[in-house]
A.B. asks: 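One structure follows; several queries about it will come next.
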There are 2 protein chains.
Amino acid sequence: MSAITVLLVDDHLVVRSGLRALLGTQPDITVVAEAASGEEALVQVREHSPAVVVMDLAMGAGMDGIEAIRRIRGLNQRQAILVFTTYDSDADIVRAVDAGAMGYLLKDAAPEEIFAAIRGAVQGKSVMSPPVASRLFQQLRNPDEILTPREAELLSLLTEGLSNRELGQRLFISEATVKTHLAHIYAKLGVETRAAAIATAIRREGMR
Amino acid sequence: MSAITVLLVDDHLVVRSGLRALLGTQPDITVVAEAASGEEALVQVREHSPAVVVMDLAMGAGMDGIEAIRRIRGLNQRQAILVFTTYDSDADIVRAVDAGAMGYLLKDAAPEEIFAAIRGAVQGKSVMSPPVASRLFQQLRNPDEILTPREAELLSLLTEGLSNRELGQRLFISEATVKTHLAHIYAKLGVETRAAAIATAIRREGMR
DNA sequence: AGCCGTATCAGCCAAATGGCTGAGAGACCA
DNA sequence: TGGTCTCTCAGCCATTTGGCTGATACGGCT
């Protein structure tokens, strides 16, 4: 049987080298190309039609990982896309799965876990690092905590330090409506002040 | 002449593999050991006395990078320590240099930059990625923007979403004093609200 | 047709926050 | 000794924020 072809996408050269070295130990897996950006990833997918794309979500400039996933899916070549990233951000996980990722691994995953994920991905299995899976599970278990699109939009602006008045102007709604949304957001996040909301939002949104 | 001995410290296996692969291409550089944590790094330093320690600041559990640097320096074996990390956080840079790091490289640095930093480090030269250097420069140029220790302490608690009252209780000072500190912090950060202060603080403090 | 979720807005009131001025104590440095 | 920095505290007042209750409108689901 022929080896599984893999494309590595990460803006850090060392990470690509490391993955290449790791995957090189597996006879049934072959890295056929690397890309340092979303744009480059698209080119390489067209060029090599790899079976699996292993991709970091955080890419320096230009297209971000989510957008890249979406575009690759748009090529209709049915690659399995594995997200391989440093942070287990709630939002990123949901967005990545939404965009069409087959699995979500953290960078501190054990080599065996990575191999298994790649092998599983070509068979259509979806793989998650345990901590990632538990987060998703929690979100499903607790639908009350899911923000509506409008609330998420507001929260995102909130983390830029805007006042209620500014939020209203930015979103073309009254201050009263802003306050209503905020109250709902606080309840869902389990906080009581705007400061705490910003803190948890920024921390959840992908950093740490 | 004998090769420069290097210890790699990073909690991500792929990063260690990548660095090892990269450094392996240089005949005058030899990776003698790896460590996945600060604790392990100390053991390996004792064991191998490497000339250079290349270390990530962000380490999962246990001792963080800064603490590890401090401890290694405490061994009095005069290793040159190079910080090699993903984020160019103001606070981290200052603390790392303060703890005794010889250089500060970002993970997207070019291989030549990394090699040069290692070679420079053993000769006592200090090396910085250009973006890192420019940040440090800016801090030196603009001393008005440096927070006092107390202010920094307060800001750090602020990013946890505490109210003025809670801040006062936590620091054993009156609410009035809290407000004074906050006013100074806002002025130095160039913001006008607590929300904006939290936003800029968290973003500056190490993520992005 | 009725229900639920989402988004919009209003008014009221208590609490928190921010801007201002002023001031005392201790540390450090020239 | 005098100047500067840091940390501490006070009072006053305008603005902002948060909690509450209630209301309208639209869309989708049953």
Side-chain angles (χ1 to χ4, degrees), chain A residues 90-91 94-95 98 138-202, chain B residues 90-91 94-95 98 139-202 204:
Chain A
D90 291 334
V94 174
R95 289 196 305 151
D98 209 58
Q138 206 169 21
Q139 279 217 334
L140 292 178
R141 242 200 61 205
N142 225 338
D144 285 0
E145 287 188 8
I146 296 181
L147 300 181
T148 69
R150 194 56 158 172
E151 286 164 358
E153 193 179 0
L154 219 138
L155 180 58
S156 151
L157 288 177
L158 194 63
T159 63
E160 287 173 21
L162 302 186
S163 69
N164 288 349
R165 177 168 322 201
E166 292 168 319
L167 289 171
Q169 291 171 345
R170 198 73 87 80
L171 297 174
F172 305 106
I173 57 180
S174 79
E175 235 176 292
T177 307
V178 170
K179 289 175 69 175
T180 306
H181 284 310
L182 284 182
H184 293 158
I185 291 174
Y186 296 164
K188 289 183 182 178
L189 294 185
V191 300
E192 294 190 328
T193 68
R194 124 182 340 231
I198 294 174
T200 69
I202 296 187
Chain B
D90 291 333
V94 174
R95 288 195 305 151
D98 210 56
Q139 280 216 335
L140 293 178
R141 242 199 62 205
N142 224 338
D144 284 359
E145 287 187 8
I146 295 180
L147 301 180
T148 69
R150 194 56 157 172
E151 286 163 358
E153 195 179 359
L154 220 138
L155 181 57
S156 151
L157 288 177
L158 194 64
T159 64
E160 287 172 21
L162 302 186
S163 70
N164 288 348
R165 176 168 325 203
E166 292 169 318
L167 289 171
Q169 290 170 345
R170 198 73 86 80
L171 297 174
F172 305 106
I173 57 181
S174 79
E175 233 177 293
T177 307
V178 170
K179 290 174 69 174
T180 305
H181 285 310
L182 285 181
H184 293 158
I185 291 174
Y186 297 164
K188 289 183 181 178
L189 293 185
V191 300
E192 295 191 327
T193 69
R194 134 183 327 235
I198 293 174
T200 69
I202 295 187
R204 274 202 206 183

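Below, read A as the first sequence line, B as the second, and so on, with proteins coming before strands; counting in each chain starts at 1.
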A.B. asks: For B/Ala199 and A/Gly161, which heavy atoms make the closest approach, and how far apart are they?
C.D. replies: CB-N, 4.4 Å

A.B. asks: Would you give a per-nucleotide map of nucleotides 11-19 of chain C, 5' to 3', where B means the base has a protein non-hydrogen atom under 4.0 Å away, S means only the sugar-phosphate does, and - means neither?
C.D. replies: -----SSBB

A.B. asks: Quick one: NE2 on B/His184 to CG on B/Leu154, what's the gap to the nearest 0.5 Å?
C.D. replies: 11.5 Å

A.B. asks: Over how many whole Å does the gap from A/Lys188 atom NZ to C/dT6 atom C1' extend?
C.D. replies: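 Atom-to-atom, A/Lys188 to C/dT6, this comes out as 9 Å.
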
A.B. asks: Give a yes or no on whether a donor-acceptor pair under 3.5 Å exists between the nucleobase atoms of C/dC9, that is its base, and the side chain of A/Thr180.
C.D. replies: yes

A.B. asks: Atom CD of A/Glu151 and atom CG of A/Leu158: how far apart are they, to the nearest 0.5 Å?
C.D. replies: 12.0 Å

A.B. asks: Grab the CD-C1' distance between B/Glu153 and D/dT8 for me, whole Å please.
C.D. replies: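 That distance rounds to 14 Å.
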
A.B. asks: So do the side chains of B/Leu171 and B/His181 get within less than 4.5 Å of each other, counting heavy atoms only?
C.D. replies: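 Side chain of B/Leu171 against side chain of B/His181, heavy atoms only: no contact under 4.5 Å found.
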
A.B. asks: Atom CD1 of A/Ile185 to atom C1' of D/dT17: distance rounded to whole Å?
C.D. replies: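 One finds 14 Å between C1' of D/dT17 and CD1 of A/Ile185, rounded.
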
A.B. asks: Any side-chain donor-acceptor pair under 3.5 Å between A/Thr177 and A/Thr180?
C.D. replies: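 A/Thr180 and A/Thr177 do not have a side-chain donor-acceptor pair below 3.5 Å.
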
A.B. asks: Just the rounded figure in Å: distance from C1' of D/dG18 to CG of A/Leu189.
C.D. replies: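 One finds 15 Å between C1' of D/dG18 and CG of A/Leu189, rounded.
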
A.B. asks: For the helix from C/dA1-D/dT30 to C/dA30-D/dT1, measure the angle between the helix axis at one end and the axis at the other, each built from five pairs, rounding to 10°.
C.D. replies: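 Between the axes fitted at each end of the helix from C/dA1-D/dT30 to C/dA30-D/dT1 lies an angle of 40°.
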
A.B. asks: Round to the nearest Å and state the distance from B/Leu171 atom CG to D/dC7 atom C1'.
C.D. replies: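 To the nearest whole Å, that distance equals 12 Å.
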
A.B. asks: For B/Arg170, what residues pass the side-chain contact (heavy atoms from CB on, under 4.5 Å) criterion, not counting sequence neighbours?
C.D. replies: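 Checked B/Arg170 against side-chain contact (heavy atoms from CB on, under 4.5 Å); matches are B/Leu157, B/Glu160, B/Leu162.
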
A.B. asks: Nearest heavy-atom pair of A/Ile198 and B/Ala195: which atoms, and what distance?
C.D. replies: CD1-CB, 3.4 Å

A.B. asks: To the nearest Å, give me how far apart CZ (B/Phe172) and P (D/dT8) are.
C.D. replies: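 Roughly 12 Å, once rounded to whole Å.
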
A.B. asks: With a 4.5 Å cut-off on side-chain heavy atoms, are A/Leu155 and A/Leu189 touching?
C.D. replies: yes

A.B. asks: Can you name the closest pair of heavy atoms from B/Tyr186 and B/Arg194 and give their distance?
C.D. replies: OH-CB, 3.0 Å

A.B. asks: Please state whether the phosphate of D/dC5, meaning OP1 or OP2, lies under 4.0 angstrom from any side-chain nitrogen or oxygen of B/Arg150.
C.D. replies: no

A.B. asks: Is the shortest side-chain N/O distance from A/Thr177 to OP1 or OP2 of C/dT8 below 4.0 Å?
C.D. replies: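 Checking C/dT8 against A/Thr177, no side-chain N or O comes under 4.0 Å of OP1 or OP2.
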
A.B. asks: Just the rounded figure in Å: distance from P of C/dC4 to NE2 of A/His184.
C.D. replies: 16 Å

